[in-house]
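For reference, the structure is listed below as structure tokens.
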2 protein chains.
Amino acid sequence: MTSEREASGKHDRILEGAMQEFLQRGYAGTSMDRVASTAGVSKATIYSHFGDKEGLFKALVQQFAQSKLGPIQRQQPLTGEPEQVLREFAQTLIDETGSDPDHLALVRLMIGESSRFPQLAQTFLRHFLKPGLEVISEYLKEQPQLQIDDPEATARVFVGGLIHYVMVDKIIEGGEVVPLRRDRIIEAAIALLLS
Amino acid sequence: MTSEREASGKHDRILEGAMQEFLQRGYAGTSMDRVASTAGVSKATIYSHFGDKEGLFKALVQQFAQSKLGPIQRQQPLTGEPEQVLREFAQTLIDETGSDPDHLALVRLMIGESSRFPQLAQTFLRHFLKPGLEVISEYLKEQPQLQIDDPEATARVFVGGLIHYVMVDKIIEGGEVVPLRRDRIIEAAIALLLS
DNA sequence: GTCTATACACTGATAGAC
DNA sequence: GTCTATCAGTGTATAGAC
């Protein structure tokens, strides 16, 4: 039916336009006028689809979290030599989260609004952080020669150290204040686990 | 002079009121009307002191960064047994940054606005992150028996892992999604450095 | 320096025509 | 379902009195 196709088209165009605006200007900084203009629809159409500004925002972030699987989430269980497995995992994590401008902007937004939209932060963690922690944690459990007492906590330090690097370097662009090349943090993190 | 004393009093009251509002509502979510009301002055007074909203915001964050020294920044160079030194450092970092609501709110704000106010993020890193990295980095350099090839990068993984824990648990309150007790992350981080 | 009063644009949201 | 037109309220910022 024509009405269904058109409705769905507008629905998605609104979400795309809203995404651009929210990622660039933040929640409070985004106006519904501008979202309407960017999406090429009238404000009334937005309100009929999403109720209000908060409804639009929540719909948008959930859609993002569900559409874009985390780079780690789609990974199979890890197998192979620890040094190579860990290096590839670390490189993938840093490169894929650090080179996607939309992802970086979403992290900024999610953290900035986490006190006003706590569910969004939780959705984000469930989709992006938790799967990566689990896959590394499982791998460490299967490597008794590494002598790791607490694989879950160790995975958290390992992944956390890498994510913190991306946050400082890419999300808040603090690379000038505490400069450090990508490969040095990767090798240091691996060395800690292997020694 | 009376005029000086009074001007200074209002100046500080405005900064304090603005701090409350910005930390709670974000930059765009804060209105100058509300700042004026919270500070107990008129809007015109704020504009005469700080020019515009952006000027007020910048003055505020710089004042915060300069007044509150990071818990690590005021520390002397570390000395003693590695296990005890590292444990105390980690506990201090997690407890002091994780239990100060203003500090947590400032991190949320700083990250959320980092693309629109990059200097604020840099100021923050210079005052809070860099000193901690340096003190740990220096300590690791003086412990050859730990066999750490790259003390700076290793310090970054160690500190980053701890800060990431605080960010997930306290800043975005994701403790339910990826629960982990404070002591487990501390012991896991220490074990990585000692093994 | 500080206030009151106000200018003037823009905000989120809706009514009513089609 | 979608639009145009519009509402009441609030936003930043300033003029002018004291």
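Quick caveat: nothing in here was measured; it's all calculated off a predicted structure. First the proteins, then the strands, lettered A, B, ... as listed; each starts at 1.
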- request: Find the distance B:R25:CZ to D:dT12:P and express it as a whole number of Å.
  value: 12 Å

task: Nearest whole angstrom, please: distance from the P of C:dC3 to the CZ of B:R13.
output: 8 Å

task: For B:E54 and D:dA13, give me the distance from atom CD to atom P, rounded to whole Å.
output: 9 Å

message: Would you say A:K10 places a side-chain N or O within less than 4.0 Å of OP1 or OP2 belonging to D:dC3?
response: yes

- request: Could you tell me whether the side chains of B:T38 and B:Q20 share a donor-acceptor contact shorter than 3.5 Å?
  value: no

field: Electrostatic pair B:E113-A:R108, nearest N-O below 4.0 angstrom
entry: no

task: Kindly confirm or rule out a cation-pi arrangement of B:K53 over B:Y27, judged by NZ or CZ under 6.0 Å from the six-membered ring centre and within 45° of its axis?
output: yes

Any B:H11 side-chain nitrogen or oxygen under 4.0 Å from OP1 or OP2 of C:dG1: no

field: Under 4.0 angstrom between B:Y47 side-chain N/O and D:dT14 OP1 or OP2
entry: no

Euclidean distance, atom CZ of residue B:F50 to atom P of D:dT12 [Å, nearest integer]: 16 Å

- prompt: Would one find a side-chain N or O of A:S42 under 4.0 angstrom from OP1 or OP2 of D:dT2?
  reply: no

task: Give the rounded distance in Å between these two atoms: CD1 of A:I46 and C1' of C:dT11.
output: 13 Å

message: If I take atom NE2 in residue B:H49 and atom C1' in nucleotide D:dA13, what distance separates them, rounded to the nearest angstrom?
response: 16 Å

task: Return the value, rounded to whole Å, for the distance between atom CD of A:E21 and atom P of C:dT11.
output: 11 Å

field: A:A44 or A:A28, whichever maps to the more 5' nucleotide of DNA chain C
entry: A:A28

- prompt: Under 4.0 Å: is that the gap between some side-chain N or O of B:S48 and OP1 or OP2 of C:dG1?
  reply: no

task: Determine: side-chain N/O of A:T45 to OP1/OP2 of D:dG1, distance under 4.0 Å, yes or no.
output: no

- prompt: A:H164 and B:H164: aromatic ring centres closer than 6.0 Å?
  reply: no

field: D:dT14 base / B:K43 side chain donor-acceptor hit below 3.5 Å
entry: no

message: Both A:G51 and A:R34 contact DNA chain C. Which one's nearest nucleotide lies toward the 5' end?
response: A:R34

Pair B:E152 + B:R156: basic N to acidic O under 4.0 Å: no

message: So B:D52, base contact, sugar-phosphate only, or nothing? Heavy-atom distance under 4.0 Å.
response: sugar-phosphate

statement: B:F57 atom CZ is separated from D:dT12 atom P, nearest whole Å, by 13 Å

